[in-house]
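Ligands are counted one by one from 1 in listed order, and the atoms in each one are counted from 1 as well.
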Amino acid sequence: MFFEWRARRPHQNQYFDTEVHAERISLLNGDVILATVRDISERKKVDALKNEFVSTVSHELRTPLTAINGSLGLILGGMAGELPEQAQELLTISQRNSDRLLQLINDILDIEKLEAGKMPFNMQEVDLLALLKNSIEVNQAYANQLNVRIEFKTELATARVSVDPDRFSQVMANLLSNASKFSPNGDVISVKLEKAHKDYRVSVSDHGPGIPEDFKTILFEKFTQVDASDTRSQGGTGLGLSISRTIIEQMNGTIGFESKEGQGSSFYFHLPVL
Ligand code: ADP
């Protein structure tokens, strides 16, 4: 067993962070628990400094980058007159890359806020059916660009849950954009809503390449990408699933996936029935 624990210094009213490894050892006259407690307060301080630095830099980068992105959009939209074909191509590449940078910065800021518990969650009682239909409609535009269709299946007439609708849509956008990116051209993604004991289960299934065995245990960790090469055809930051997991857990749910390499993936989450 492995966990983090805030311990109190003996004879002092002072708490510090520790990491505890505990294991059961069988001896001739019975079992004992052997625990190693390591002081990790220095590491925590360095982590906090690093997070603060990354967050400050990201904030500072976001404003000018948003302005650059906006201007590129206006020029490409014809605000500055008609562009020669080559300029149009070069500016399209610039805009695509500034989109990627903005996405990365927004993801880093989201992770930082979620981990610090500073992301506000506006929990509301809502019908999952309506939320799912809306997410599919919004994300179909991106899927269309990749010639992929999203279909919705359920036998339920209503499914009341308590979620933050904006954060919920963020999770759906991530799962649907991943499924679209990895689907074969012309394919169909299936979104399913079912009742599973005391939960509702939502799954997003595709017929893409699936997740290789080696990546299964680390897929939800930050910056994990199966193909992280610069030449990968799909964009992405490797932060989406990590953000999605934190959001779902904050809304009292669980998230996971089933996949066989070469046979597609099915990402699912459970949310408690109200
Ligand atoms: P991103 O998509 O931005 O790279 P994510 O955290 O959303 O980051 O996903 C991490 C990685 O998991 C992806 O880069 C990809 O390698 C893998 N992955 C996620 N969804 C799928 C899917 N539906 N099919 C195949 N691989 C996937």
Exercise. Which salt bridge (Lys or Arg N to Asp or Glu O under 4.0 Å) pairs, counting each pair once, include a residue from residues 138-151, with sequence neighbours left out?
Worked result: E151-K153
Problem set entry | Contacting atoms of ligand 1, where contact means under 4.0 angstrom from a heavy atom of L239 | 6 (O), 8 (O)
For this session: Can you establish whether the number of heavy atoms outside R38 located under 6.0 Å from its atom CZ is more than 12?
Result: no
Exercise. Closer than 4.0 angstrom: is that true for some heavy atom of S265 and an atom of ligand 1?
Worked result: yes
Problem set entry | Per-atom contacts, ligand 1 versus V226 - under 4.0 Å to a heavy atom | 16 (O)
Problem set entry | Per-atom contacts, ligand 1 versus I211 - under 4.0 Å to a heavy atom | 18 (N), 25 (C), 26 (N), 27 (C)
For this session: Not counting sequence neighbours, which residues clear salt bridge (charged side-chain N to carboxylate O under 4.0 Å, His left out) with E194? List them please.
Result: R201
Exercise. Going by heavy atoms, is F215 under 4.0 Å from ligand 1?
Worked result: no
Exercise. Would you say ligand 1 has an N or O under 3.5 Å from any N or O of G210?
Worked result: no
For this session: Determine whether more than 12 heavy atoms belonging to other residues, nucleotides or ligands lie under 6.0 Å from atom CD of Q124.
Result: yes
Exercise. Which of the atoms of ligand 1 are close to G240, meaning less than 4.0 Å from one of its heavy atoms?
Worked result: 5 (P), 6 (O), 7 (O), 8 (O)
Exercise. Is the closest N or O pair between N178 and ligand 1 shorter than 3.5 Å?
Worked result: yes
For this session: Considering the heavy atoms of N174, write down every atom of ligand 1 situated less than 4.0 Å from one of them.
Result: 7 (O)
Problem set entry | Selection from G238, S266, S244 by shortest heavy-atom distance to atom 1 (P) of ligand 1 | G238
Exercise. Any idea which atoms of ligand 1 are less than 4.0 Å away from a heavy-atom of T237?
Worked result: 1 (P), 3 (O), 4 (O)
Problem set entry | Lys/Arg N to Asp/Glu carboxylate O, E112 vs K50, below 4.0 Å | no
For this session: State plainly whether the residues R24 and D31 are in salt-bridge range, i.e. N to O under 4.0 Å.
Result: yes
Exercise. Which of the atoms in ligand 1, numbered in the order shown and given with their element, are less than 4.0 Å from a heavy-atom of T224?
Worked result: 10 (C), 11 (C)
Exercise. Between K222 and E115, is there a side-chain N and carboxylate O pair less than 4.0 Å apart?
Worked result: yes
Problem set entry | Proximity flag Q103 to ligand 1, non-hydrogen atoms under 4.0 Å | no
Problem set entry | I93 with L83, same ILVMFWY side-chain cluster at under 4.5 Å | no
For this session: Let me see the working for F168 and F121 under ring-ring contact (aromatic ring centres under 6.0 Å, His included), right down to the final yes or no.
Result: CA-CA 10 Å; F168 178 90; F121 273 76; over 10 Å; no
Seminar exercise, completed: Nearest heavy atom to atom 4 (O) of ligand 1, choosing from E261, H207, Q225, belongs to Q225
